[in-house]
Number of protein chains: 2
Amino acid sequence: MGVKAPYQPKDEIFTFLRPAIAVDVVLLSIIRNNLQVALIQRQDEPYYGKFALPGRFVRYDEPIETTAKKAIEGKGNIKTDNIYLEQLHTFGQDLVRDTRIRTISTVYYGFIDPDTINSQPDNTFTWFKTDNLPPLGFDHKKIIKSSIERVRRRMFTTDVIFNLIPKEFTLTEFQHACETFFGEELDKRNFRKKINELYTLKDLKRTKMTGAHRPAKLYTYVKMK
Amino acid sequence: MGVKAPYQPKDEIFTFLRPAIAVDVVLLSIIRNNLQVALIQRQDEPYYGKFALPGRFVRYDEPIETTAKKAIEGKGNIKTDNIYLEQLHTFGQDLVRDTRIRTISTVYYGFIDPDTINSQPDNTFTWFKTDNLPPLGFDHKKIIKSSIERVRRRMFTTDVIFNLIPKEFTLTEFQHACETFFGEELDKRNFRKKINELYTLKDLKRTKMTGAHRPAKLYTYVKMK
DNA sequence: GCAAAAGTGTTTGAGGTACACCCATGC
DNA sequence: GCATGGGTGTACCTCAAACACTTTTGC
């Protein structure tokens, strides 16, 4: 072994055709107690007219997280400042998933709270319940499923859940969001005990009235150092 | 919204320069009670002469897992049949990590048992202890660190550990491998109780003698359905 | 005063951690 | 017979799950 010969450029990378790389984003929110995902109706082939995840090809001089943000900024008119984005997986096994060109897709998932969505007038996204998706282009149904599985596993080890719910919330609303997310009912007392250990919630000293019963206190999440 | 206009091809993807995509592999093994990683000394710029992870550019008609396998098959003369490979992350933020061309790198980590390594005569890998790495090219030191962290978290939820150790092992050898991997000492009785619940080990009805004391039973892992 | 959701503690069981002694072998 | 690592069981403690009643409001 060892490196003895002087360097001679080979630059094999310039000698063969390169695949394209794209970023697709699984943007999730909890809307009316349903876990929903933002889809757009495609204006181009392939899968013209079908719904699909918002995506964008990575430009030569564009960091991939920028690509991810632009994929949703351009299409949904949503400010990405308030969106939590995390890389999920890179799908690159299927050589013909895009008929135009061999494409490798890096998928990000993101969370947006439903209040932020509604305040955007010029929204080209269509939101679908994740358990009742329309026929989708590409392999996007599979991708959405694995995003949700992954996110469920990570949910209680991080504080990402607070990106999915409004800034101000009652404990019952928060519990319902968690139940929606995990797909199972939770015990009220155990739930409150648990979040009291895990997170620091600020009591806003205000209440929310939703019917002929005792009003609920409003809280907000305070990020710990 | 809605899709009314007849389809007119845009094919923006053909109008701009595409980044290259490469696969790098963090190939790990436990050799003489040390967690070690396979590196190669680079024969090309950039980082000519430095050690780096084995890598390969993704060809246009090559699934990325094939790229990952070829990255280690070509360089280490190792059969990939016995190697567990899993995708870690795609690094695409740094626009100048490779000076030749904008490169996005998908990293896989893999496990190989030390017996398989030693039986390969024409091995161009150099194995380094992960806690004592040489200066590395690219951002590969950071990548190796995050591979190990990820793998530690996943270790006891899967059976990947058995790809890191020889097919036949004594319980003490297995325990030492786990201790090496987690970087902490384990209690012998608790360890045996735990693996007895988690895995099905086949008693090979043979023993291994390593000194003037009671010989240890040999086991092998039996994959469950 | 009654319906309806908010709010609040205790008991129990399972699983993880800590810990000490006998066994089989070579010399 | 003694030095060396192989092999085994029990007590305690921590954390998660199960569970019921009082409080505040609108009507």
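To find a chain, count down the sequence lines: A is the first, B the second, and so on, and within it residues start at 1. Hydrogens, waters and symmetry mates are skipped; everything else that's a heavy atom, side chains included, is used.
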Novice: Rounding to an integer number of Å, can you tell me how far Arg214(A) CZ sits from dT22(D) C1'?
Specialist: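 Distance check: Arg214(A) CZ to dT22(D) C1' gives 9 Å.
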Novice: How many angstroms lie between atom CZ of Arg192(A) and atom CZ of Arg189(A), to the nearest 0.5 angstrom?
Specialist: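 One gets 10.5 Å once the value is rounded to the nearest 0.5 Å.
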Novice: Taking for each residue the nucleotide of DNA chain C with the nearest heavy atom, is it Tyr219(A) or Lys193(A) whose nucleotide lies nearer the 5' end?
Specialist: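 The residue whose closest nucleotide sits nearer the 5' end is Tyr219(A).
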Novice: Rounded to whole angstroms, how far apart are CD on Glu185(B) and C1' on dA18(C)?
Specialist: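 To the nearest whole Å, that distance equals 15 Å.
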Novice: When you check the phosphate oxygens OP1 and OP2 of dG7(C), does a side-chain N or O of Arg192(A) lie under 4.0 Å from one of them?
Specialist: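 Yes, Arg192(A) has a side-chain N/O under 4.0 Å of OP1/OP2 on dG7(C).
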Novice: Kindly point out which of dA18(D), dG7(D), dT25(D) is positioned nearest to the side chain of Met209(A)?
Specialist: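 My answer, after comparing the listed nucleotides, is dT25(D).
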Novice: I want to check one thing: is the phosphate of dA5(C), taken as OP1 and OP2, less than 4.0 Å away from some side-chain N or O of Thr172(A)?
Specialist: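 Checking Thr172(A) against dA5(C): no side-chain N or O falls below 4.0 Å of OP1 or OP2.
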Novice: Are Phe191(A) and Phe174(A) packed together at the side-chain level, in the sense that at least one heavy-atom pair is separated by less than 4.5 angstrom?
Specialist: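 Yes, close enough: below the 4.5 Å cut-off.
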Novice: Could you tell me the separation between the CD atom of Glu197(A) and the P atom of dT14(D), rounded to a whole number of Å?
Specialist: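 Rounded to whole Å, this separation is 14 Å.
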Novice: Reckon Lys194(A) touches a base, only the sugar-phosphate, or nothing at all at heavy-atom distances under 4.0 Å?
Specialist: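 Lys194(A): no heavy atom of the nucleic acid under 4.0 Å.
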Novice: Would a line drawn from the ring center of Tyr199(A) to the ring center of Phe162(A) be shorter than 6.0 Å?
Specialist: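 Between Tyr199(A) and Phe162(A), the centre distance is under 6.0 Å.
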Novice: Send over the distance from Phe191(B) CZ to dG6(D) P, rounded to a whole Å.
Specialist: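 Taking CZ of Phe191(B) and P of dG6(D), I get 12 Å after rounding.
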Novice: With salt bridge (charged side-chain N to carboxylate O under 4.0 Å, His left out) as the criterion, how do Asp159(A) and Lys223(A) come out once you've worked through the C-alpha distance, each side chain's angles and the decisive distance to 0.1 Å?
Specialist: CA-CA 8 Å; Asp159(A) 57 3; Lys223(A) 205 171 183 76; 3.0 Å; yes
Novice: In whole angstrom, what separates Asn196(B)'s CG from dG7(D)'s P?
Specialist: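 Result: 13 Å.
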Novice: Is there a donor-acceptor contact under 3.5 Å linking the side chains of Glu168(B) and Thr220(B)?
Specialist: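 Their side chains do not contain a donor-acceptor pair, so the 3.5 Å distance test is not met.
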Novice: Take atom NZ of Lys217(B) and atom P of dT8(D), then tell me their distance rounded to the nearest Å.
Specialist: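 Whole-Å distance recorded here is 6 Å.
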Novice: Starting the side chain at C-beta, find the nucleotide from dG26(D), dG6(D), dT25(D) nearest to Ala212(A).
Specialist: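 Nearest to the side-chain atoms of Ala212(A), counting from C-beta on, is dG26(D).
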Novice: Relative to the 5' end of DNA chain D, which residue comes earlier, Thr210(B) or Asn190(A), by the nucleotide with the nearest heavy atom?
Specialist: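 Final value for this comparison: Thr210(B).
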Novice: What is the distance from NE2 of His213(A) to P of dC27(D), rounded to the nearest Å?
Specialist: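 Spelled out: NE2 on His213(A) to P on dC27(D) is 11 Å.
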Novice: Rounded to the nearest angstrom, tell me the gap between atom CZ in Arg189(A) and atom C1' in dT11(C).
Specialist: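 The distance from CZ of Arg189(A) to C1' of dT11(C) comes to 12 Å, rounded to the nearest Å.
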